[in-house]
Amino acid sequence: MSAIPSHVPQSIRRRVAAVVVVAMPEEAQPFLDRLPRLVDATAPRLPGGAEAWPLDLGGARELLLVRSGIGLVASASALATVLTQVTPELIVSAGTTGGLGREVEVGDVCVSTELAYTDVDATAFGYAPGQTPGQPATFTGDPGLVARAGAAADVLHAATPAAGSARIHVGQMLAGGSFVTAANVKDTRERFPQAVSTDMESTALAQVAHAAAIPFASIRGVSDLCGPEAGQDFHIGADEAAARSAAVVLAALG
(Lines give C-alpha, C1' and ligand atoms only; values in the text may rest on other atoms or scores of the structure.)
Protein backbone atom coordinates (compact mmCIF):
# COMPACT_ATOMS: atom_id res chain seq x y z
CA MET A 1 0.00 0.00 0.00
CA SER A 2 1.35 3.41 -0.95
CA ALA A 3 2.32 5.70 1.91
CA ILE A 4 1.27 8.72 -0.20
CA PRO A 5 -2.26 9.91 0.58
CA SER A 6 -4.74 10.22 -2.27
CA HIS A 7 -8.42 10.72 -2.84
CA VAL A 8 -8.11 8.08 -5.56
CA PRO A 9 -8.09 4.51 -4.14
CA GLN A 10 -4.98 2.61 -5.17
CA SER A 11 -7.12 -0.25 -6.48
CA ILE A 12 -8.57 1.94 -9.27
CA ARG A 13 -5.47 3.94 -10.22
CA ARG A 14 -4.13 3.13 -13.69
CA ARG A 15 -1.32 0.62 -13.56
CA VAL A 16 1.75 1.40 -15.66
CA ALA A 17 4.99 -0.48 -16.24
CA ALA A 18 7.22 2.43 -15.25
CA VAL A 19 7.29 6.10 -14.37
CA VAL A 20 10.43 7.81 -15.70
CA VAL A 21 11.15 11.25 -14.27
CA VAL A 22 13.39 13.82 -15.94
CA ALA A 23 13.96 17.46 -15.05
CA MET A 24 14.43 19.27 -18.38
CA PRO A 25 12.97 19.20 -21.91
CA GLU A 26 16.31 18.03 -23.32
CA GLU A 27 16.11 15.00 -21.03
CA ALA A 28 12.55 14.15 -22.08
CA GLN A 29 13.17 14.38 -25.82
CA PRO A 30 15.04 11.07 -26.33
CA PHE A 31 12.10 9.16 -24.86
CA LEU A 32 9.62 11.12 -26.99
CA ASP A 33 11.74 10.37 -30.06
CA ARG A 34 12.00 6.64 -29.35
CA LEU A 35 8.55 5.70 -28.10
CA PRO A 36 5.10 6.32 -29.65
CA ARG A 37 2.51 8.14 -27.59
CA LEU A 38 -0.54 6.35 -26.21
CA VAL A 39 -3.34 8.53 -27.48
CA ASP A 40 -6.03 6.74 -25.43
CA ALA A 41 -4.21 7.17 -22.08
CA THR A 42 -4.78 10.26 -19.98
CA ALA A 43 -1.74 12.24 -18.80
CA PRO A 44 -1.82 12.98 -15.06
CA ARG A 45 -2.49 16.51 -13.89
CA LEU A 46 0.72 17.91 -12.41
CA PRO A 47 1.67 20.97 -10.33
CA GLY A 48 3.37 24.07 -11.70
CA GLY A 49 4.93 23.71 -15.12
CA ALA A 50 5.48 19.95 -14.89
CA GLU A 51 4.05 17.75 -17.64
CA ALA A 52 3.65 14.08 -18.49
CA TRP A 53 3.33 11.85 -21.56
CA PRO A 54 1.92 8.29 -21.67
CA LEU A 55 4.23 6.33 -24.00
CA ASP A 56 4.03 2.85 -25.52
CA LEU A 57 6.81 0.65 -24.12
CA GLY A 58 5.67 -2.31 -26.21
CA GLY A 59 3.96 -5.51 -25.19
CA ALA A 60 0.90 -3.61 -23.94
CA ARG A 61 3.09 -1.83 -21.40
CA GLU A 62 2.92 1.88 -20.62
CA LEU A 63 5.84 4.13 -19.74
CA LEU A 64 4.69 7.38 -18.15
CA LEU A 65 7.31 10.05 -18.82
CA VAL A 66 7.30 12.98 -16.38
CA ARG A 67 9.19 16.26 -16.80
CA SER A 68 9.24 17.66 -13.28
CA GLY A 69 11.42 20.76 -13.50
CA ILE A 70 14.80 21.17 -11.81
CA GLY A 71 15.42 20.59 -8.12
CA LEU A 72 14.53 18.41 -5.15
CA VAL A 73 11.14 19.98 -4.42
CA ALA A 74 10.00 20.13 -8.06
CA SER A 75 10.89 16.49 -8.69
CA ALA A 76 9.44 15.15 -5.44
CA SER A 77 6.18 17.08 -5.77
CA ALA A 78 5.69 15.97 -9.38
CA LEU A 79 6.30 12.31 -8.56
CA ALA A 80 4.13 12.38 -5.44
CA THR A 81 1.29 13.86 -7.51
CA VAL A 82 1.74 11.23 -10.22
CA LEU A 83 1.51 8.46 -7.63
CA THR A 84 -1.95 9.66 -6.58
CA GLN A 85 -3.13 8.93 -10.13
CA VAL A 86 -1.17 5.89 -11.37
CA THR A 87 0.52 2.85 -9.83
CA PRO A 88 3.85 1.98 -11.49
CA GLU A 89 5.83 -1.23 -11.22
CA LEU A 90 9.09 0.77 -11.27
CA ILE A 91 10.27 4.38 -10.97
CA VAL A 92 13.39 5.66 -12.74
CA SER A 93 15.25 8.95 -12.49
CA ALA A 94 16.76 9.69 -15.92
CA GLY A 95 18.57 12.50 -17.70
CA THR A 96 21.90 14.13 -16.91
CA THR A 97 24.23 14.19 -13.92
CA GLY A 98 27.57 15.59 -12.82
CA GLY A 99 30.44 13.13 -12.62
CA LEU A 100 31.97 12.93 -9.15
CA GLY A 101 34.08 9.77 -9.10
CA ARG A 102 37.61 10.27 -10.39
CA GLU A 103 37.21 7.42 -12.88
CA VAL A 104 34.00 8.88 -14.33
CA GLU A 105 34.23 10.65 -17.70
CA VAL A 106 31.77 12.85 -19.55
CA GLY A 107 29.46 10.71 -21.65
CA ASP A 108 29.48 7.78 -19.23
CA VAL A 109 26.27 6.59 -17.57
CA CYS A 110 25.86 6.21 -13.79
CA VAL A 111 23.47 3.74 -12.15
CA SER A 112 22.49 3.94 -8.47
CA THR A 113 23.09 1.15 -5.99
CA GLU A 114 22.24 3.63 -3.22
CA LEU A 115 21.43 7.33 -2.93
CA ALA A 116 22.03 10.06 -0.33
CA TYR A 117 21.67 13.83 -0.08
CA THR A 118 24.83 15.80 -0.87
CA ASP A 119 24.09 18.71 1.45
CA VAL A 120 22.16 17.14 4.34
CA ASP A 121 24.23 17.09 7.53
CA ALA A 122 22.73 15.85 10.78
CA THR A 123 25.90 14.09 11.88
CA ALA A 124 25.92 16.12 15.12
CA PHE A 125 22.92 14.02 16.17
CA GLY A 126 24.41 10.68 15.16
CA TYR A 127 23.07 10.42 11.62
CA ALA A 128 25.15 9.37 8.63
CA PRO A 129 26.39 12.00 6.16
CA GLY A 130 23.58 12.70 3.70
CA GLN A 131 20.89 11.14 5.91
CA THR A 132 17.72 13.06 6.72
CA PRO A 133 16.49 12.36 10.28
CA GLY A 134 13.69 9.82 10.19
CA GLN A 135 14.84 8.41 6.84
CA PRO A 136 17.20 5.52 5.99
CA ALA A 137 20.94 6.24 5.91
CA THR A 138 20.70 5.73 2.15
CA PHE A 139 17.95 4.81 -0.30
CA THR A 140 18.62 1.56 -2.16
CA GLY A 141 18.41 1.09 -5.91
CA ASP A 142 16.34 -1.87 -7.04
CA PRO A 143 18.82 -4.76 -7.55
CA GLY A 144 17.16 -6.16 -10.68
CA LEU A 145 16.84 -2.80 -12.39
CA VAL A 146 20.41 -1.88 -11.43
CA ALA A 147 21.74 -5.19 -12.74
CA ARG A 148 19.95 -4.83 -16.08
CA ALA A 149 21.18 -1.26 -16.51
CA GLY A 150 24.71 -2.21 -15.52
CA ALA A 151 24.75 -4.92 -18.21
CA ALA A 152 23.67 -2.55 -21.01
CA ALA A 153 27.14 -1.50 -22.20
CA ASP A 154 26.48 -2.62 -25.78
CA VAL A 155 23.26 -0.59 -25.86
CA LEU A 156 25.11 2.45 -24.51
CA HIS A 157 27.83 2.17 -27.16
CA ALA A 158 25.17 2.21 -29.89
CA ALA A 159 23.11 5.01 -28.33
CA THR A 160 24.77 7.83 -30.29
CA PRO A 161 27.54 7.99 -32.89
CA ALA A 162 30.01 9.29 -30.28
CA ALA A 163 29.17 6.84 -27.48
CA GLY A 164 31.47 3.99 -28.49
CA SER A 165 33.91 4.40 -25.60
CA ALA A 166 31.38 5.31 -22.88
CA ARG A 167 31.24 3.23 -19.71
CA ILE A 168 28.59 2.40 -17.13
CA HIS A 169 29.41 3.08 -13.47
CA VAL A 170 27.30 1.31 -10.85
CA GLY A 171 27.58 2.86 -7.39
CA GLN A 172 26.38 5.49 -4.95
CA MET A 173 24.68 8.52 -6.47
CA LEU A 174 23.93 11.80 -4.73
CA ALA A 175 21.54 14.72 -5.11
CA GLY A 176 21.28 18.09 -3.40
CA GLY A 177 20.06 21.63 -3.62
CA SER A 178 23.47 23.07 -4.53
CA PHE A 179 25.76 22.50 -7.49
CA VAL A 180 28.99 20.67 -6.75
CA THR A 181 31.82 22.57 -8.45
CA ALA A 182 35.59 22.45 -8.58
CA ALA A 183 35.57 24.83 -5.61
CA ASN A 184 33.71 22.47 -3.26
CA VAL A 185 34.17 19.03 -4.83
CA LYS A 186 36.97 18.13 -2.39
CA ASP A 187 34.60 18.27 0.59
CA THR A 188 31.97 16.23 -1.22
CA ARG A 189 34.45 13.55 -2.20
CA GLU A 190 35.73 13.35 1.38
CA ARG A 191 32.20 12.91 2.78
CA PHE A 192 31.15 10.46 0.04
CA PRO A 193 34.31 8.71 -1.18
CA GLN A 194 32.37 6.02 -3.08
CA ALA A 195 29.96 8.34 -4.90
CA VAL A 196 30.07 8.34 -8.70
CA SER A 197 27.81 11.32 -9.46
CA THR A 198 25.55 14.05 -8.13
CA ASP A 199 22.47 15.82 -9.47
CA MET A 200 19.55 17.85 -8.11
CA GLU A 201 16.66 15.35 -8.20
CA SER A 202 17.53 11.66 -7.84
CA THR A 203 17.60 11.26 -4.05
CA ALA A 204 14.35 13.17 -3.58
CA LEU A 205 12.72 10.85 -6.12
CA ALA A 206 14.22 7.86 -4.30
CA GLN A 207 12.70 9.09 -1.03
CA VAL A 208 9.22 9.37 -2.58
CA ALA A 209 9.59 5.90 -4.15
CA HIS A 210 10.74 4.50 -0.80
CA ALA A 211 7.67 5.97 0.96
CA ALA A 212 5.44 4.35 -1.66
CA ALA A 213 7.35 1.02 -1.54
CA ILE A 214 7.98 1.09 -5.30
CA PRO A 215 11.31 -0.16 -6.76
CA PHE A 216 13.55 2.70 -7.92
CA ALA A 217 16.85 3.44 -9.62
CA SER A 218 18.62 6.46 -11.05
CA ILE A 219 20.17 5.99 -14.50
CA ARG A 220 21.80 9.17 -15.76
CA GLY A 221 24.27 10.31 -18.40
CA VAL A 222 27.27 12.37 -17.29
CA SER A 223 27.11 15.78 -18.97
CA ASP A 224 29.87 17.46 -16.93
CA LEU A 225 32.48 16.75 -14.27
CA CYS A 226 32.26 18.35 -10.84
CA GLY A 227 36.04 18.54 -10.54
CA PRO A 228 37.83 17.58 -13.77
CA GLU A 229 41.41 16.37 -13.61
CA ALA A 230 44.10 17.60 -15.98
CA GLY A 231 43.48 16.32 -19.49
CA GLN A 232 39.84 15.38 -18.91
CA ASP A 233 36.98 16.72 -21.00
CA PHE A 234 34.63 18.53 -18.66
CA HIS A 235 31.37 18.97 -20.60
CA ILE A 236 29.14 17.56 -23.34
CA GLY A 237 25.70 18.68 -24.44
CA ALA A 238 22.74 17.76 -22.24
CA ASP A 239 21.01 16.25 -25.27
CA GLU A 240 23.92 13.85 -25.87
CA ALA A 241 24.14 12.76 -22.22
CA ALA A 242 20.34 12.41 -22.03
CA ALA A 243 20.24 10.23 -25.16
CA ARG A 244 22.74 7.85 -23.56
CA SER A 245 20.74 7.77 -20.34
CA ALA A 246 17.50 7.03 -22.22
CA ALA A 247 19.09 4.15 -24.15
CA VAL A 248 20.23 2.45 -20.94
CA VAL A 249 16.91 3.12 -19.20
CA LEU A 250 14.94 1.51 -22.01
CA ALA A 251 17.30 -1.47 -22.07
CA ALA A 252 16.83 -1.91 -18.31
CA LEU A 253 13.05 -1.73 -18.67
CA GLY A 254 13.14 -4.35 -21.41
Side-chain angles (χ1 to χ4, degrees), residues 18-36 53 55 57-58 63-68 70 75 90-113 115 141-142 144-175 179-180 195-203 205-206 216-229 232-254:
V19 168
V20 175
V21 186
V22 300
M24 303 184 296
E26 298 93 329
E27 297 170 329
Q29 197 59 50
F31 292 97
L32 297 174
D33 290 342
R34 286 170 173 261
L35 299 178
W53 301 267
L55 303 177
L57 193 55
L63 183 156
L64 183 64
L65 177 65
V66 177
R67 184 194 58 76
S68 65
I70 296 170
S75 59
L90 300 166
I91 297 169
V92 179
S93 173
T96 62
T97 192
L100 191 60
R102 294 186 184 277
E103 74 284 2
V104 176
E105 301 280 355
V106 293
D108 291 349
V109 169
C110 294
V111 181
S112 64
T113 54
L115 302 100
D142 177 67
L145 188 55
V146 169
R148 293 192 296 274
D154 289 346
V155 172
L156 171 59
H157 295 159
T160 70
S165 62
R167 296 176 295 169
I168 297 175
H169 303 273
V170 178
Q172 185 183 51
M173 295 175 68
L174 308 173
F179 286 106
V180 176
V196 295
S197 72
T198 181
D199 59 70
M200 298 184 73
E201 296 84 27
S202 288
T203 308
L205 295 169
F216 172 87
S218 181
I219 303 171
R220 291 196 170 215
V222 178
S223 59
D224 59 280
L225 300 181
C226 298
E229 305 289 339
Q232 284 184 306
D233 292 332
F234 66 92
H235 179 76
I236 61 171
D239 55 345
E240 174 75 15
R244 299 183 189 192
S245 165
V248 177
V249 169
L250 293 176
L253 295 177

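It should be emphasised that the depicted structure is a prediction, and the values quoted were computed from it without experimental measurement.
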Report the residues that fulfil side chain to side chain donor-acceptor pair (under 3.5 Å) with [X], sequence neighbours left out, ordered by chain and then residue number.
X	value
S68	none
S93	S202, R220
T198	T118
S197	T97

At their closest point, which heavy atom of [X] faces which heavy atom of [Y], and how far apart are they?
X	Y	value
A153	I168	N-CD1, 3.6 Å
A94	V249	CB-CG2, 4.0 Å
G150	V170	CA-CG2, 4.0 Å
A149	V248	O-CG1, 3.7 Å
G99	V104	CA-CG1, 3.9 Å
V106	H235	CG1-N, 3.6 Å

Return the CG to CG distance between D199 and L205, rounded to the nearest 0.5 Å.
8.5 Å
Inter-residue atom distance R67.CZ - W53.CH2, 0.5 Å rounding
5.5 Å
Quick one: which residue pairs count as a salt bridge (Lys or Arg N to Asp or Glu O under 4.0 Å) with a foot in residues 156-166, not counting sequence neighbours?
none
Which pairs count as salt bridge (Lys or Arg N to Asp or Glu O under 4.0 Å) when at least one residue sits in residues 245-254, sequence neighbours excluded?
none
Could you name each residue pair satisfying side-chain hydrogen bond (donor to acceptor under 3.5 Å, both in side chains) that touches residues 146-162, not counting sequence neighbours?
T160-E240
Which pairs, with at least one residue in residues 161-172 and sequence neighbours excluded, count as a side-chain hydrogen bond (donor to acceptor under 3.5 Å, both in side chains)?
D108-H169, E114-Q172
Listed pairs under 3.5 Å, donor-acceptor, residues 22-35 side chains, sequence neighbours left out:
{"residue": "E27", "atom": "OE1", "partner": "A23", "partner atom": "N", "Å": "2.9"}
{"residue": "E27", "atom": "OE1", "partner": "M24", "partner atom": "N", "Å": "2.9"}
{"residue": "E27", "atom": "OE2", "partner": "T96", "partner atom": "N", "Å": "2.9"}
{"residue": "E27", "atom": "OE2", "partner": "T96", "partner atom": "OG1", "Å": "2.8"}
{"residue": "Q29", "atom": "NE2", "partner": "D33", "partner atom": "OD1", "Å": "2.8"}

Identify, with sequence neighbours excluded, every residue that meets side chain to side chain contact (heavy atoms under 4.5 Å, CB included) alongside [X].
X	answer
S112	L115, M173, A217, S218
V155	A152, A247, A251
D142	L90, L145, P215

When you measure from the side chain of R244 to the backbone of G107, do you find a donor-acceptor pair of N or O atoms at a distance under 3.5 Å?
yes
Side chain to side chain, V111 and V196, heavy atoms closer than 4.5 Å:
no
